[in-house]
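Worksheet for the structure shown next.
All heavy atoms count here, side chains included; hydrogens, waters and symmetry mates do not. As the structure is a computational prediction, the values presented were derived from the model and not from experiment. Counting starts at 1 for both ligands and their atoms, in listed order.
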Amino acid sequence: MRIFVITGAGISAESGLGTFRKNDGTGIWARFDPMKLATPEAFARDPAEVHAFYNARRRNLIAAEPNMAHFALAQLETILAGRGGQLTLVTQNIDDLHERAGSQRVSHMHGELLKARCTACEGVISWREDLGLHDRCSACGRQGTLRPHVVWFGEMPLQIDAICAALNDVDLFVAIGTSGSVYPAAGLVSEARAQGIRTCEINLEPSDNADRFDESRYGLASKEVPAWADEVLRGET
Ligand code: BV8
């Protein structure tokens, strides 16, 4: 079986990493204006404020641990590969919890918080400390040119062509822990449907594009994802 999975902030919620939109108004974007913090214009206007925002999230991430949903996907990847199948794992998340749970191939379409990118030489380097204007790029030696290696609003997502190509000849498309409110990520389910691929969403509640899915499973990712993965491996779904 060949499965395409896209994950969002909801899969990392039980690991203590805030989600962006919550009905009770406590999501990240309820407390911080994305247009003030997650755009190239905001970084040009006030890089120190943007660095402070991502430094706080980076510290949270380093203190977090993957949960049962992350581990279930890592195990599913290994077993499907052993059976001649494949799991393509794409995430909107900038955390490294999929990798820490053992997933081998993860495509971060919105970038990675534990990496910095130089705006002068485009070098991408691993970065686990706070990042600031005094820091120097280890690739070109320039100072003050480093930014978080994340995709901001208005910027092109990473590997988008490879991600769309990976949708070819999969048997199942699954969205986990995403509200389906940010594009082009939220449009992938329609791409899948257009290719006649069966679609399933696993989420705490119906997403903005719930009507696009053939099957829906609502509940906590740490419970629903292991249960779903077991059914896949038992050939029951
Ligand atoms: C682009 C990185 C051109 C940084 C992020 C008008 C209409 C359509 C589109 C647009 C438009 N105006 C502008 C756009 C484009 C814009 C966009 O979509 N805006 C939205 C707001 C309308 N998109 C862009 O700018 C993108 N670039 O379009 O470039 C282009 C186009 C095509 C092809 C090439 C180029 C770039 C967008 C990327 C921005 N960067 N992140 C950072 O993290 O700071 S987006 C960020 O927010 C995340 O990465 C993620 O993508 C998004 C958050 O969404 P989710 O992950 O789904 O999280 P959310 O909180 O919303 O939902 C969580 C869900 O989990 C909920 O449903 C909840 O119920 C559930 N849940 C919670 N707990 C649990 C759970 N489920 C299970 N278990 C639990 N325990």
Discussion item. I'd like to check which ligand 1 atoms, numbered from 1 as shown, lie under 4.0 Å from a non-hydrogen atom of T178.
Written reply: 55 (P), 57 (O), 64 (C), 65 (O), 67 (O)

Worksheet item: With respect to atom 70 (C) of ligand 1, which of N203, D161, I160, T39 exhibits the smallest heavy-atom separation?
Response: N203

Item to complete: Go through the side-chain N and O atoms of H110 and T91 and say whether any donor and acceptor fall under 3.5 Å apart.
Response: no

Worksheet item: Does a donor on one side chain and an acceptor on the other come within less than 3.5 Å for N55 and R58?
Response: yes

Discussion item. Under 4.0 Å, counting heavy atoms only: does G219 come that close to any atom of ligand 1?
Written reply: yes

Item to complete: Pick, from F153, F53, W152, Y183, the option with the minimum heavy-atom distance to atom 9 (C) of ligand 1.
Response: Y183

Discussion item. Under a plain distance cut-off of 3.5 Å, with no hydrogens placed, do E201 and Y218 share a side-chain donor-acceptor pair?
Written reply: yes

Worksheet item: What atoms of ligand 1 come within less than 4.0 Å of a heavy atom belonging to M156?
Response: 34 (C), 35 (C)

Discussion item. Minimum distance, heavy atoms only, to atom 1 (C) of ligand 1: which one of H110, E201, E155 is it?
Written reply: E155

Worksheet item: Can you list the atoms of ligand 1 that are under 4.0 Å from a heavy atom of E14?
Response: 78 (N), 79 (C), 80 (N)

Worksheet item: Does R57 come within less than 4.0 Å of ligand 1, judged by its heavy atoms?
Response: yes

Discussion item. Please confirm whether G177 approaches ligand 1 to less than 4.0 Å, judged on its heavy atoms.
Written reply: yes

Discussion item. Let me confirm one number: the CD-CZ distance from E49 to F43, rounded to the nearest 0.5 Å.
Written reply: 12.0 Å

Worksheet item: Is R100 reaching over with its side chain to a backbone N or O of S103, donor-acceptor style, under 3.5 angstrom?
Response: no

Worksheet, complete the sentence: ligand 1 to Y54, heavy atom cutoff 4.0 Å, flagged ligand atoms 4 (C), 42 (C), 44 (O)

Fill in: Option passing side-chain contact (heavy atoms from CB on, under 4.5 Å) with H108 (candidates H98, E99, Q92)
E99

Discussion item. Using heavy atoms and a 4.0 Å limit, tell me yes or no: is P157 in contact with ligand 1?
Written reply: yes

Worksheet item: When C118 is tested against each of L146, V124, I125 for side-chain contact (heavy atoms from CB on, under 4.5 Å), which residue passes?
Response: L146

Worksheet item: So which of N203, L89, L73 actually passes side-chain contact (heavy atoms from CB on, under 4.5 Å) with I176?
Response: L73

Worksheet item: How long is the span from the CD atom in E112 to the CG atom in D95, to the nearest 0.5 Å?
Response: 10.0 Å

Response to the item:
One finds that the ligand 1 atoms under 4.0 Å from a non-hydrogen atom of G154 are 24 (C), 25 (O)

Worksheet item: Just which atoms of ligand 1 are under 4.0 Å from any heavy atom in L220?
Response: 78 (N), 80 (N)

Discussion item. As an exercise, state the distance from CG of L97 to CD of E14, rounded to the nearest 0.5 Å.
Written reply: 12.0 Å

Fill in: ligand 1-proximal atoms of A13, by part, heavy-atom distance under 4.0 Å
side chain

Worksheet item: Which of the numbered atoms in ligand 1 are below 4.0 angstrom from a heavy atom of G8?
Response: 56 (O)

Worksheet item: Is a side-chain donor-acceptor pair under 3.5 Å present for S190 with R212?
Response: yes

Worksheet entry | Polar contact flag, side-chain donor to acceptor under 3.5 angstrom, S179-D208 | no

Item to complete: Could you list the atoms of ligand 1 found under 4.0 angstrom from a heavy atom of Q92?
Response: 48 (C), 49 (O), 50 (C), 51 (O)

Worksheet item: Are any of the N or O atoms of A221 closer than 3.5 Å to those of ligand 1?
Response: yes

Worksheet item: Can V151 be said to touch ligand 1, with heavy atoms closer than 4.0 Å?
Response: yes

Worksheet item: Does some non-hydrogen atom of G111 fall short of 4.0 Å from ligand 1?
Response: no

